[in-house]
Amino acid sequence: MTPDQPSRPITKAVIPAAGLGTRFLPATKATPKEMLPVVDKPAIQYVVEESVRAGLDDLLIITGRNKAALEDHFDHHWELEQALEAKGDLHRLERVRESAVLKVHFVRQGQPKGLGHAVHVAKEHVGDNPFAVLLGDDLIDARDHLLEEMLRVREEKGGSVVALLEVPPESVHLYGCAAVDGRDGDVVRITGLVEKPDPSEAPSNLAVIGRYVLDPSVFEVLEHTPPGRGGEIQLTDALQTLASSSEPGGGVHGVVFRGRRYDTGDRLDYLKAVVRLGVDHAELGKDFGEWLDDFSGQRASGQR
Ligand code: G1P
């Protein structure tokens with residue numbers, strides 16, 4: 001931070017969860033994609049826990065139609081809790097309660113006008129504070145500390161910070177893509193951003209993944225950001241404006257992530273996430289790992 005920008009601790013996180021989940025139909029026809037289980041927790045709970053671990057415990061989830069299950073999940077379920085208590089099943093009781101004791105707020109997006117619009121809906125809750133945005137599809141392994149590193153970079157440089165991942169050039173069209181200079185280890189200065197470019201026009205193979213630490217000046221920029229790719233108001237376009245801004249709060253840096261990330265909105269990556277987190281699971285990991293080795297051996301020898 002520059003001396004005229006006193007640092008304020010960041011406590012707020014916004015989790016956009018209004019999307020339709022079309023990549024996962026028909027599973028997501030009546031169930032929000034954020035509620036799909038990854039081993040034994042819904043995907044969104046991993047994201048909420050990541051946020052809380054990084055010290056961001058004032059959470060706002062942006063929802064829409066058919067997302068009531070999210071509100072139920074982060075609330076108490078008195079009948080269930082009483083039934084578990086009566087049975088003396090304290091382990092399950094604790095697991096049921098752990099998502100209900102968090103400070104989670106909800107607001108509805110109203111109209112599906114894109115990620116930039118969803119983030120703007122958080123303006124009233126966030127106020128004039130820097131805040132994080134965590135996209136529910138991207139699951140970052142709890143052993144990697146991406147968000148903490150991004151908060152550190154915001155503290156040091158000010159402005160906004162995005163998470164970047166090196167992807168194969170043929171996958172760049174699935175992401176926001178960054179033009180960068182001034183590399184310092186895994187921290188880069190962002191000079192431009194383009195949403196889902198054609199690979200032939202992509203400025204790099206650095207893709208924006210679903211973690212952002214944003215300066216509150218993004219709200220005003222979003223108000224003037226016209227619909228972009230897909231006719232939607234794109235967060236990437238607002239960040240492109242901030243990247244070249246010398247106004248207070250301007251400037252965007254990137255943290256190149258080299259850890260474990262699972263895109264649970266993609267069916268193949270979702271299966272990989274379940275297997276990888278299943279193998280590491282405290283209660284199930286040992287048995288599941290042994291079964292998996294067995295299964296792989298049988299497949300390799302053509303028995304399955
Ligand atoms: C969104 C963003 C995109 C980003 C991606 C990360 O796209 O618009 O810039 O790269 O998330 O997952 P979506 O995947 O929602 O289409």
Side-chain angles (χ1 to χ4, degrees), residues 13-25 28 32-34 36 43-44 46-47 50 61-64 67 109 111-122 132-141 146-147 150 160-180 188 190 192-199 201-214 218 221-222 225-243 252 254-257 259-270 272-273:
V14 173
I15 303 179
L20 295 174
T22 44
R23 288 191 289 171
F24 234 118
L25 283 167
T28 47
K33 64 175 174 169
E34 296 79 10
L36 294 179
I44 195 161
Y46 289 90
V47 177
E50 177 193 344
I61 301 183
I62 315 287
T63 64
K67 300 283 184 169
Q109 188 178 358
Q111 290 169 286
K113 291 203 215 157
L115 179 59
H117 178 256
V119 169
H120 189 266
V121 166
V133 172
L134 293 89
L135 304 189
D137 285 352
D138 279 318
L139 220 153
I140 303 294
D141 196 293
L146 172 62
L147 197 51
M150 294 172 72
S160 296
V161 184
V162 301
L164 298 172
L165 186 73
E166 281 172 6
V167 299
E170 64 274 16
S171 302
V172 146
H173 70 285
L174 300 170
Y175 300 93
C177 178
V180 303
V188 291
I190 292 191
L193 284 159
V194 42
E195 178 69 5
K196 305 200 172 101
D198 189 275
E201 286 161 14
S204 75
N205 69 334
L206 288 171
V208 177
I209 54 168
R211 297 293 178 274
Y212 308 77
V213 176
L214 300 177
V218 73
V221 175
L222 282 167
T225 300
R229 184 110 202 156
E232 297 186 337
I233 297 173
Q234 297 292 351
L235 181 59
T236 304
D237 293 346
L239 287 166
Q240 152 74 12
T241 304
L242 283 175
V252 181
V255 173
V256 182
F257 182 57
R260 291 149 281 200
R261 169 227 179 211
Y262 318 106
D263 175 3
T264 56
D266 174 80
R267 289 172 301 168
L268 182 58
D269 239 39
Y270 171 84
K272 292 179 192 170

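In each ligand, atom 1 is the first atom listed, and ligand 1 is the first ligand listed.
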Would you check, one step at a time, whether the test side-chain hydrogen bond (donor to acceptor under 3.5 Å, both in side chains) holds for E232 with H117? CA-CA 8 Å; E232 297 186 337; H117 178 256; over 6 Å; no

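Ion pairing between a basic and an acidic side chain is recognised when a charged N comes within 4.0 Å of a carboxylate O; R261 and D138 show such pairing. Looking at R23 and D137, a side-chain N of the basic residue comes within less than 4.0 Å of a carboxylate O on the acidic one, giving a salt bridge.
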Ligand-protein N/O pairs under 3.5 Å (ligand 1):
unit_1: ligand 1; atom_1: 7 (O); unit_2: K196; atom_2: NZ; d: 3.3
unit_1: ligand 1; atom_1: 8 (O); unit_2: E195; atom_2: OE1; d: 3.4
unit_1: ligand 1; atom_1: 8 (O); unit_2: E195; atom_2: OE2; d: 2.7
unit_1: ligand 1; atom_1: 9 (O); unit_2: G176; atom_2: N; d: 3.1
unit_1: ligand 1; atom_1: 9 (O); unit_2: E195; atom_2: OE1; d: 2.7
unit_1: ligand 1; atom_1: 9 (O); unit_2: T236; atom_2: OG1; d: 3.1
unit_1: ligand 1; atom_1: 10 (O); unit_2: G176; atom_2: N; d: 2.9
unit_1: ligand 1; atom_1: 10 (O); unit_2: V208; atom_2: O; d: 2.6
unit_1: ligand 1; atom_1: 12 (O); unit_2: D138; atom_2: OD2; d: 3.3
unit_1: ligand 1; atom_1: 16 (O); unit_2: K196; atom_2: NZ; d: 2.6

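Judged by distance alone, the side chains of D141 and Y262 do bring a donor and an acceptor atom under 3.5 Å apart.
For P16 against A118, the heavy-atom pair with the smallest separation is CB-CB, 4.3 Å.
At distances below 3.5 Å, not a single donor-acceptor pair connects side-chain atoms of K196 with backbone N or O atoms of G230.
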